[in-house]
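Working notes for the structure below.
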2 protein chains.
Amino acid sequence: MYEKYVKILKEHTLKVTSPRLEILRYLDEHHTHPNVEEIYSSLKKKHPSLSRTTVYNSLEILKKKRIIQSLTISGSELRYDIHEGLHHHFICTHCGTIFDIAITCPNMDRTLYGGHRVEEVQGYFKGICKKCHTKEKRRNNNG
Amino acid sequence: MYEKYVKILKEHTLKVTSPRLEILRYLDEHHTHPNVEEIYSSLKKKHPSLSRTTVYNSLEILKKKRIIQSLTISGSELRYDIHEGLHHHFICTHCGTIFDIAITCPNMDRTLYGGHRVEEVQGYFKGICKKCHTKEKRRNNNG
DNA sequence: CTACTAAATTGTAATGATTACAAATTATAA
DNA sequence: TTATAATTTGTAATCATTACAATTTAGTAG
Ligand SMILES: [Mn+2]
Ligand SMILES: [Mn+2]
Ligand SMILES: [Zn+2]
Ligand SMILES: [Zn+2]
């Protein structure tokens, strides 16, 4: 069940602890770019002793090791994502959903720009998702 | 002095008020992507009656009208930028500086993606700026 | 297996950015 | 000049995140 995540942690010389395994599993199984609260409250159910601070700490160390990434797209809270291949993101300003964008971008793999060392590249698209847009149209026609 | 900003406000059917003029001027003269606190404390010197809430309110309305944009690049606070042509940004995770990136990107002008309506596109590059990188090297050689 | 220790976890308190709200002021139009 | 809706202001509340000290534990050496 957790061998996969044990392996990841050991490969990065991180101690194998229950919170770390659970967080990794959660992010691996939920590609919804959850915030800290969503991760915490979900895991808390099965592991009542879990502390919110531990979730913050664990996410931070996983991020330092580049196992996960954090997204600043929402502007009010960090969202987390298992790091598997560079991809860009869309956020719907109406319903808040964040999803992956399958756009290739010539600047995605850049590691240098004018002498500055680039360590992360993030492409954020903000707008109204198809679902919300359709709902809005329907409301206008019926209302 | 302020005719330029008066014009912008009127064109967008916004009431012409001193805080709005001052904020516009500040952003026009400081392309450093300041946060609310920097704008507030700077303007407060000349206009002691200015309220922080007004700065928040004004920035919000200017943003709604697309006169300015907010950047979520830092992850802890919004940074503001006069909106003049799409451009991407670099943030140095060491010194915090945010500056414009002159990279053209084929996805920058996108207004649609898979049926989703795109209203904003932001490209964020995070890493270590040349200056910090050079300092770091020097410290290693001399230390 | 046991003992040790550095690292991780936990809970609580503090911080910092942003928002809510109600009272006072003011830009604009009649 | 007056009316009024919009704006500004100050304070209090909220929410995400960080600081910190006490407790627990993963990993290792014996
Ligand atoms: Mn993603
Ligand atoms: Mn800029
Ligand atoms: Zn939506
Ligand atoms: Zn720097």
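This is a predicted model, so every value here is computed, not measured. Side chains are part of it too, since the values below use all heavy atoms of this structure and drop only hydrogens, waters and symmetry mates. Throughout, protein chains are lettered first and strands after them, A, B, ... in sequence-line order, and every chain is numbered starting at 1.
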Note, B:Leu50 side chain near B:Glu22 side chain (heavy atom, < 4.5 Å): no

Grab the NE2-C1' distance between A:His12 and C:dA7 for me, whole Å please. 18 Å

Got a donor-acceptor contact below 3.5 angstrom from the A:Glu38 side chain to the A:Asn35 backbone? yes

For A:Leu86 against A:Asp109, the heavy-atom pair lying closest together: CD1-OD1, 3.4 Å

Axis-to-axis angle across the helix from C:dC1-D:dG30 to C:dA30-D:dT1, five pairs each end, nearest 10 degrees, ~ 40°

Given B:Lys7 and B:Glu11, is the salt bridge (charged side-chain N to carboxylate O under 4.0 Å, His left out) satisfied, shown in steps? CA-CA 6 Å; B:Lys7 185 156 172 276; B:Glu11 279 170 358; 3.3 Å; yes

Think B:Arg52 has a side-chain N or O under 4.0 angstrom from the OP1 or OP2 of D:dT9? no

Matching residue for B:Arg20 among B:Leu24, B:Val16, B:Thr17 - test: side chain to side chain contact (heavy atoms under 4.5 Å, CB included): B:Thr17

Applying side chain to side chain contact (heavy atoms under 4.5 Å, CB included), run through B:Ile67 and B:Ile8 and close with a yes or a no. CA-CA 8 Å; B:Ile67 301 167; B:Ile8 294 176; 3.8 Å; yes

For the pair made of CD in B:Glu77 and P in D:dT18, what is the distance, rounded to whole Å? 12 Å

What residues in residues 22-46 of chain A put a non-hydrogen atom under 4.0 Å from any atom of DNA chain C? none

Strictly distance-based, threshold 3.5 Å: is any side-chain N or O of B:Thr72 a donor or acceptor partner for the main-chain N or O of A:Thr72? yes

Distance check needed: C:dA8 P versus A:Leu21 CG, whole Å only. 13 Å

Kindly give the heavy-atom pair with the smallest separation between B:Tyr40 and B:Arg52, and that separation in Å. CE1-N, 3.3 Å

So which of residues 53-64 of chain B are in contact with DNA chain C, with a heavy-atom cut-off of under 4.0 Å? B:Thr53, B:Tyr56

What is the distance, to the nearest angstrom, from the CG atom on B:Leu50 to the C1' atom on D:dT9? 9 Å

Does the separation of the ring centres of A:His31 and A:His33 fall below 6.0 angstrom? no

Among the candidates D:dA26, D:dT17, D:dT8, find the nucleotide nearest to the side-chain atoms of B:Thr17. D:dT8

The residue, B:Leu14 or B:Ser76, whose nearest nucleotide of DNA chain C is more 5′ is B:Ser76

Counting side-chain heavy atoms from C-beta on, which of C:dT18, C:dA8, D:dT7 comes nearest to B:Lys15? D:dT7

Indicate whether any N or O donor in one side chain lies under 3.5 Å from an N or O acceptor in the other, for B:His133 and A:His116. no

When the distance from CD1 of A:Ile73 to C1' of D:dA16 is rounded to whole Å, what number comes out? 18 Å

Closest to side chain of A:Pro19, choosing from C:dT9, D:dT17, C:dT28: C:dT9

4.5 Å side-chain heavy-atom contact, B:Tyr124 and A:Tyr124: yes

